[in-house]
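We name chains A, B, ... by the order of the sequence lines, and we start the count at 1 in each one.
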Number of protein chains: 2
Amino acid sequence: MATGPELMKGSSESLLLCLIGQEPMYGYQIIRELEQRSQGYFKFKEGTLYPALHRSEGAGLIMGRWQTRPGGRYRRYYYITEKGRRALAEKLSQWRQFLVAMNLIVPAGCL
Amino acid sequence: MATGPELMKGSSESLLLCLIGQEPMYGYQIIRELEQRSQGYFKFKEGTLYPALHRSEGAGLIMGRWQTRPGGRYRRYYYITEKGRRALAEKLSQWRQFLVAMNLIVPAGCL
DNA sequence: CCTCTATACTTAGACTATCTATGTATAAAC
DNA sequence: GTTTATACATAGATAGTCTAAGTATAGAGG
């Protein structure tokens with residue numbers, strides 16, 4: 001990403017679940033949506049996104065369905081599951097706790 | 001940490017530089033300071049902290065000096081360098097950009 | 001017709017920062 | 001003298017990112 005990859009670890013799954021939870025999406029679309037909505041900040045690589053989708057599907061958080069359009073290209077649309085919604089709520093809660101902790105340390109006297 | 005390890009990646013170095021930048025500290029002290037200041041959230045493991053300090057020292061961001069006290073225990077105090085201060089400023093800027101991007105995606109319609 | 005670009009998904013291998021677990025060693029407390 | 005807290009170190013496992021390569025179709029431009 002724009003800041004180096006490390007900050008993404010642990011946040012990527014929340015981003016994916018959040019998007020898919022709003023509307024079923026396919027992988028390539030997610031990459032573009034994340035880039036557009038973040039004003040160019042998030043630039044997910046395919047080698048990051050697709051394995052992440054496979055992991056989430058394996059964990060039962062999302063469900064993929066192949067869809068072929070009349071025009072022709074096949075796409076795999078992902079739908080969030082109930083388990084995925086619960087996981088998202090949990091992840092967001094953890095994210096907010098993490099922010100609180102960071103703010104307790106960082107802004108204090110730190111530049 | 002309280003939320004799983006992944007969220008920490010990419011933020012740990014900022015935390016360490018931030019603390020050491022306020023006051024020179026030794027490793028064990030940093031672990032306790034981070035836990036206290038975050039009200040128990042951050043619980044750095046030794047296997048995480050010490051290698052991180054060594055990396056930062058190797059990168060010239062901090063400088064360690066052995067200090068023996070009259071009472072007896074040796075400690076390695078770390079001092080931030082000018083390069084470390086610049087790196088911290090850069091890291092914090094990146095952290096804030098990351099937060100902006102996350103907020104553009106997450107709170108919109110996401111729970 | 002051919003080439004190039006955008007779309008769309010996949011995966012192997014390298015890298016990196018975390019964790020667990022263990023080791024060494026001293027001082028203080030009981 | 002055993003336990004606990006302090007203090008540092010490191011090997012190996014794990015996990016999620018990246019690079020880089022591959023497959024394949026559709027559409028545009030020459």
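- Residue pairs meeting the salt bridge (charged side-chain N to carboxylate O under 4.0 Å, His left out) criterion with at least one member in residues 26-35 of chain B, sequence neighbours excluded: B:Glu33-B:Arg37, B:Glu35-B:Lys43.
- Note: CE (A:Met8) to C1' (C:dT18) measures 17 Å, nearest angstrom.
- The side chain of B:Arg55 places no N or O atom within less than 4.0 Å of a non-bridging phosphate oxygen (OP1 or OP2) of D:dT10.
- The phosphate of D:dT6 has OP1 or OP2 within less than 4.0 Å of a side-chain N or O from B:Tyr28.
- DNA chain D is contacted by both B:Gly47 and A:Glu13; B:Gly47 maps to the nucleotide lying nearer its 5′ end (nearest heavy atom per residue).
- The phosphate of D:dC8 (OP1 or OP2) has a side-chain N or O of B:Tyr50 nearer than 4.0 angstrom.
- Under the 6.0 Å distance and 45° angle rule, B:Arg65 does not count as a cation-pi partner of B:Tyr78.
- Atom NZ in A:Lys45 sits roughly 17 Å away from atom C1' in C:dC9 (whole-Å rounding).
- The nearest whole Å value for the distance from the NZ atom in A:Lys43 to the P atom in D:dC18 is 12 Å.
- Going from atom CD1 of B:Ile31 over to atom P of D:dA7 covers 11 Å, rounded to whole Å.
- Spacing between atom CZ of B:Arg76 and atom P of C:dT24 amounts to 22 Å, rounded to whole angstrom units.
- Between B:Tyr74 and D:dC8 there is no side-chain polar atom (N or O) within less than 4.0 angstrom of OP1 or OP2.
- Under the ring pair (Phe, Tyr, Trp, His ring centres under 6.0 Å) rule, B:Tyr77 has a single partner from B:Tyr26, B:Trp66, B:Tyr28, which is B:Tyr26.
- Picking from D:dC8, D:dC18, C:dT10 the nucleotide with the shortest atom distance to the side chain of A:His54 gives C:dT10.
- Checking C:dT10, C:dC19, C:dT11 against the side-chain heavy atoms of A:Tyr78 singles out C:dT10 as nearest.
- Straight-line distance from the CG atom of B:Leu53 to the P atom of D:dA7: 14 Å, rounded to whole Å.
- When rounded to the nearest whole Å, the span between CG of A:Leu49 and P of D:dA20 equals 19 Å.
- Atom CZ in A:Phe44 sits about 7 Å away from atom P in D:dC18, given to the nearest Å.
- DNA chain C is contacted by both B:Ala52 and B:Glu46; B:Ala52 maps to the nucleotide lying nearer its 5′ end (nearest heavy atom per residue).
- Nearest heavy atoms, B:Tyr41 versus A:Ala101: CD2-CB, 3.3 Å.
- Residue A:Arg32 places at least one side-chain N or O closer than 4.0 Å to OP1 or OP2 of C:dA8.
- Salt-bridge check for A:Arg76 with A:Glu57: passed, with a basic side-chain N closer than 4.0 Å to an acidic carboxylate O.
- Under 4.0 angstrom from either OP1 or OP2 of C:dT18 there lies at least one side-chain N or O belonging to B:Ser12.
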